[in-house]
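This report refers to the structure that appears directly beneath it.
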Amino acid sequence: MDDGADRHLRELLDGTVDCVPGEQLAERVRRGERLRIKWGIDPSAPDIHLGHTVPMRLLRRWQRRGHRPVVIIGDVTARIGDPSGRSATRPQLEPEAVEANAATYLDQLFCLLDPAGVEVRRQSEWFQDFGLEGMLRLAGSVTVAQLLQRDDFASRMGRQHPIGLHELFYPLLQGYDSIAVAADVELGGTDQLFNLLLARELQASAGQPPQAIVTVPLLEGLDGHRKMSKSLGNAVAVRAPATEQYGQLMSLPDPSVGPYLRLVTDLPEARQTALREGMADGSVNPRAAKAEMARAVVSVFHGPEAAARAAAEFDRVHRGHGLPATIPEAPVLTGMEQDVRQVLVLAGLARSRGEAARLVTQGGVTLDGARVTDWRIPIAPPPGAVLQVGPRRFVRLGRAG
RNA sequence: GGGCGGGUACCGAAGUGGUCAAACGGGGCUGACUGUAGAUCAGCAGGCGUACGCCUACAGGGGUUCGAAUCCUCUCCCGCCCA
């Protein structure tokens with residue numbers, strides 16, 4: 001009996017970083033309570049990305065164990081932008097943009113979660129008519145000094161960088177969500193620690209039992225060190241095509257393979273360990289480990305067949321220097337002599353003739369597989385000719401017009 | 001209200017009268033090599049002209065000067081501190 005509960009608890013907390021207050025949560029789980037577990041996501045960009053799936057996976061685990069996921073669509077906080085880890089205020093989003101993003105989030109959410117039993121709520125449900133009165137009351141429940149303890153605020157203060165007043169409200173609004181949905185537990189990345197803890201205090205001062213909090217590691221982005229984030233341009237969107245996801249994942253620096261295996265694949269523990277150790281002692285080619293990881297990740301969103309196809313395509317194009325399966329067409333005149341630079345610009349492969357000339361000079365341009373060596377010599381591409389720039393940009397030139 | 005510091009290319013940041021289309025870093029791009037779009041190394045980087053050149057650009061306007069990102073002046077915007 002106790003064993004079962006303990007196993008249950010271990011499963012819930014496996015791979016997590018912090019759990020506050022640990023013992024209290026353990027007790028509730030042992031009593032067999034079904035907990036309301038909150039996780040919030042801001043629709044600040046059109047796509048959910050791999051970084052979001054780390055907490056989503058944990059949420060799914062809790063869901064499978066009979067707890068109730070409560071997903072908050074942060075349609076109000078999205079307009080502020082979470083200041084966490086940021087050293088600058090960011091522009092506030094327009095409500096229309098947030099609304100559009102929120103709409104696309106809903107289906108992306110269920111790429112991992114089982115829709116049955118998930119409670120999806122929007123912040124605007126309770127903030128719509130919150131009013132000045134509500135704001136003031138909420139603001140009155142914390143002190144400025146408390147808010148400024150937050151790491152990113154403190155460091156900005158220290159460096160004399162600006163902090164928008166609205167940014168201070170971010171943790172308050174997020175915290176109030178916990179009151180609104182009567183959360184028992186809240187999940188979040190480690191960068192959310194402050195916000196999660198503050199929610200406990202707000203709940204307490206509202207006469208509600210404070211939620212437990214559980215944090216998960218942050219997924220590093222494609223650059224290998226900064227947190228994955230759309231605005232940093234280092235994210236893999238969950239609804240990106242399989243080939244794109246695969247290619248992006250293959251561009252990860254080697255040291256990231258381990259964390260990705262652990263955080264965003266379903267590969268068995270034993271296999272993950274084998275790959276990690278193999279890379280460490282040199283018995284496994286890091287490229288092979290990375291490829292296996294990439295295939296596993298793509299499988300989660302597109303299924304194993306599509307993942308295998310993406311891998312094959314990638315090898316064909318990048319290792320075998322073949323042509324990709326689909327090549328965009330450009331409406332460029334063919335069959336007559338013309339300036340290479342002009343063609344490159346028209347085909348959208350260069351932004352200016354100067355850039356085009358540079359690309360040719362550097363040897364980055366091929367026409368039907370033959371390198372174009374001198375931009376001063378005009379070319380006469382036959383209809384359907386393939387123009388390539390660099391290792392991965394291809395365009396098929398349109399029929400003669 | 002007072003004091004101070006700023007606004008430079010995609011971002012960050014040098015430059016404070018000519019040699020500045022503007023250092024350096026990040027990001028981007030190309031090549032070599034390879035294990036891939038990874039690592040490393042090398043290179044490119046406003047536009048137009050096949051060179052010499054011209055045009056546009058250092059928040060905006062006006063001015064000084066043979067010559068201004070750099071000096072003066074007005075305007076706009078931003079930050080910090082003190083009230």
Side-chain angles (χ1 to χ4, degrees), chain A residues 86-91 148 153-165 167 220-226 228-236 240-261 275 278-279 282-295 297-298 307 310-324 337-345 347-366 371-379 387-394:
Chain A
R86 297 193 169 263
S87 54
T89 306
R90 44 181 189 192
L148 290 182
F153 290 149
S155 81
R156 279 203 248 169
M157 285 294 275
R159 278 177 295 168
Q160 304 203 322
H161 283 178
I163 298 170
L165 181 57
E167 294 184 89
E220 62 222 52
L222 294 172
D223 54 32
H225 57 278
R226 289 178 304 175
M228 180 174 283
S229 135
K230 183 67 197 290
S231 56
L232 292 175
N234 62 1
V236 178
T243 47
E244 184 181 331
Q245 290 183 339
Y246 188 86
Q248 288 179 319
L249 289 165
M250 286 304 282
S251 78
L252 268 180
D254 294 347
S256 297
V257 173
Y260 271 61
L261 282 170
L275 288 173
M279 278 190 289
S283 64
V284 170
N285 183 336
R287 202 207 87 88
K290 198 189 289 182
E292 184 165 342
M293 176 279 291
R295 214 163 50 238
V297 173
V298 175
E313 169 84 351
F314 184 88
D315 284 350
R316 199 165 56 72
V317 175
H318 296 294
R319 295 225 270 164
H321 302 293
L323 294 179
E337 290 216 328
Q338 47 196 320
D339 191 329
V340 197
R341 297 171 304 167
Q342 190 62 31
V343 175
L344 284 166
V345 172
L349 294 171
R351 254 171 293 173
S352 67
R353 316 184 98 210
E355 181 180 335
R358 220 178 293 136
L359 289 169
V360 172
T361 306
Q362 293 182 139
V365 178
T366 61
R371 177 157 296 177
V372 179
T373 52
D374 190 343
W375 55 266
R376 279 165 294 203
I377 302 169
I379 56 167
L387 194 58
Q388 178 182 0
V389 169
R392 58 186 228 265
R393 294 163 67 208
F394 301 84

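All values below come from the heavy atoms of this structure, side chains included, with hydrogens, waters and symmetry mates left out. Naming: A, B, ... by sequence-line order, numbering from 1 per chain.
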Query raised in the report: Reading RNA chain B 5' to 3', what string of ( ), [ ], | and . shows its pairs, if Watson-Crick and G-U wobble pairs count only when both distances fall under 3.5 Å?
Result: ((((((((.[[[..)..(.....]]].(((((.......))))).(((....)))...[[[[[..)....]]]]]))))))).

To the nearest 0.5 angstrom, please state how far the [atom1] atom of [X] sits from the [atom2] atom of [Y].
| X | Y | atom1 | atom2 | answer |
| --- | --- | --- | --- | --- |
| A:Gln245 | A:Gln248 | CD | CD | 7.5 Å |
| A:Met293 | A:Leu261 | CE | CG | 6.5 Å |
| A:Leu249 | A:Glu244 | CG | CD | 10.5 Å |

Whole-Å distance separating the [atom1] atom of [X] from the [atom2] atom of [N]:
| X | N | atom1 | atom2 | result |
| --- | --- | --- | --- | --- |
| A:Leu344 | B:rU50 | CG | C1' | 16 Å |
| A:Leu249 | B:rA37 | CG | P | 15 Å |
| A:Arg351 | B:rG28 | CZ | P | 13 Å |
| A:Glu337 | B:rU50 | CD | C1' | 16 Å |
| A:His318 | B:rC33 | NE2 | P | 18 Å |
| A:Asp223 | B:rC11 | CG | P | 19 Å |
| A:Arg316 | B:rA37 | CZ | P | 15 Å |
| A:Leu275 | B:rG35 | CG | P | 19 Å |

Query raised in the report: Looking at the side chain of A:Arg376, which of B:rU30, B:rU50, B:rG35 is the nearest nucleotide?
Result: B:rU50

Query raised in the report: With respect to the side chain of A:Arg353, which nucleotide from B:rU50, B:rC48, B:rG31 is positioned closest?
Result: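 Nearest listed nucleotide: B:rC48.
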
Please report the distance separating the [atom1] of [N] from the corresponding atom of [M], rounded so that it comes out in whole Å.
| N | M | atom1 | value |
| --- | --- | --- | --- |
| B:rA51 | B:rG47 | P | 14 Å |
| B:rG49 | B:rC58 | P | 23 Å |
| B:rC33 | B:rG38 | P | 15 Å |
| B:rG18 | B:rU64 | C1' | 16 Å |
| B:rG17 | B:rU70 | P | 11 Å |
| B:rA9 | B:rA21 | C1' | 9 Å |
| B:rA14 | B:rU65 | C1' | 26 Å |
| B:rG31 | B:rA13 | P | 32 Å |

**Report entry** side-chain contact (heavy atoms from CB on, under 4.5 Å) assessment of A:Lys290 paired with A:Asp254
**Finding:** CA-CA 7 Å; A:Lys290 198 189 289 182; A:Asp254 294 347; 3.2 Å; yes

Query - Electrostatic pair A:Glu292-A:Arg295, nearest N-O below 4.0 angstrom - result: no

Report task. Take A:Asp339 and A:Gln248, find for each the nucleotide of RNA chain B with the closest heavy atom, and name the residue whose nucleotide sits nearer the 5' end. Result -> A:Gln248

Report summary line: Between A:His225 and A:Glu244, the residue closer to the 5' end of RNA chain B by nearest nucleotide is A:His225

**Report entry** Polar side-chain atom of A:Tyr246 near backbone of A:Pro241 as donor-acceptor pair, under 3.5 Å
**Finding:**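 Checking the backbone N and O of A:Pro241 against the side chain of A:Tyr246, no donor-acceptor pair under 3.5 Å is found.
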
Requested in this report: List the steps and the verdict of side-chain contact (heavy atoms from CB on, under 4.5 Å) for A:Asn234 and A:Arg226.
Outcome: CA-CA 8 Å; A:Asn234 62 1; A:Arg226 289 178 304 175; 4.1 Å; yes

Query raised in the report: For the residue pair A:Leu222 and A:Pro253, what are the closest heavy atoms and their distance?
Result: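 Closest heavy-atom pair between A:Leu222 and A:Pro253: O-CD, 3.4 Å.
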
Report summary line: Tightest non-hydrogen contact, residues A:Ala154 and A:Leu148, listed as CB-O, 3.5 Å

Report task. Would you indicate what A:Arg341 reaches in the nucleic acid, counting non-hydrogen atoms under 4.0 angstrom: base, sugar-phosphate, or nothing? Result ->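 The residue A:Arg341 makes sugar-phosphate contact but no base contact.
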
Report task. Scan A:Gly363 against the nucleic acid and name what it touches under 4.0 Å (heavy atoms): base, sugar-phosphate only, or nothing. Result -> sugar-phosphate

Query raised in the report: Could you walk me through whether A:Met250 and A:Arg287 pass the side-chain contact (heavy atoms from CB on, under 4.5 Å) check?
Result: CA-CA 8 Å; A:Met250 286 304 282; A:Arg287 202 207 87 88; 3.4 Å; yes

Report summary line: Once base and sugar-phosphate atoms are separated, protein heavy atoms under 4.0 Å mark nucleotides 38-46 of chain B, 5' to 3', with B, S and - as S----BSS-

Report summary line: Checking A:Asp339, A:Leu344, A:Val340 against A:Gln342 for side chain to side chain contact (heavy atoms under 4.5 Å, CB included), the one that qualifies is A:Asp339

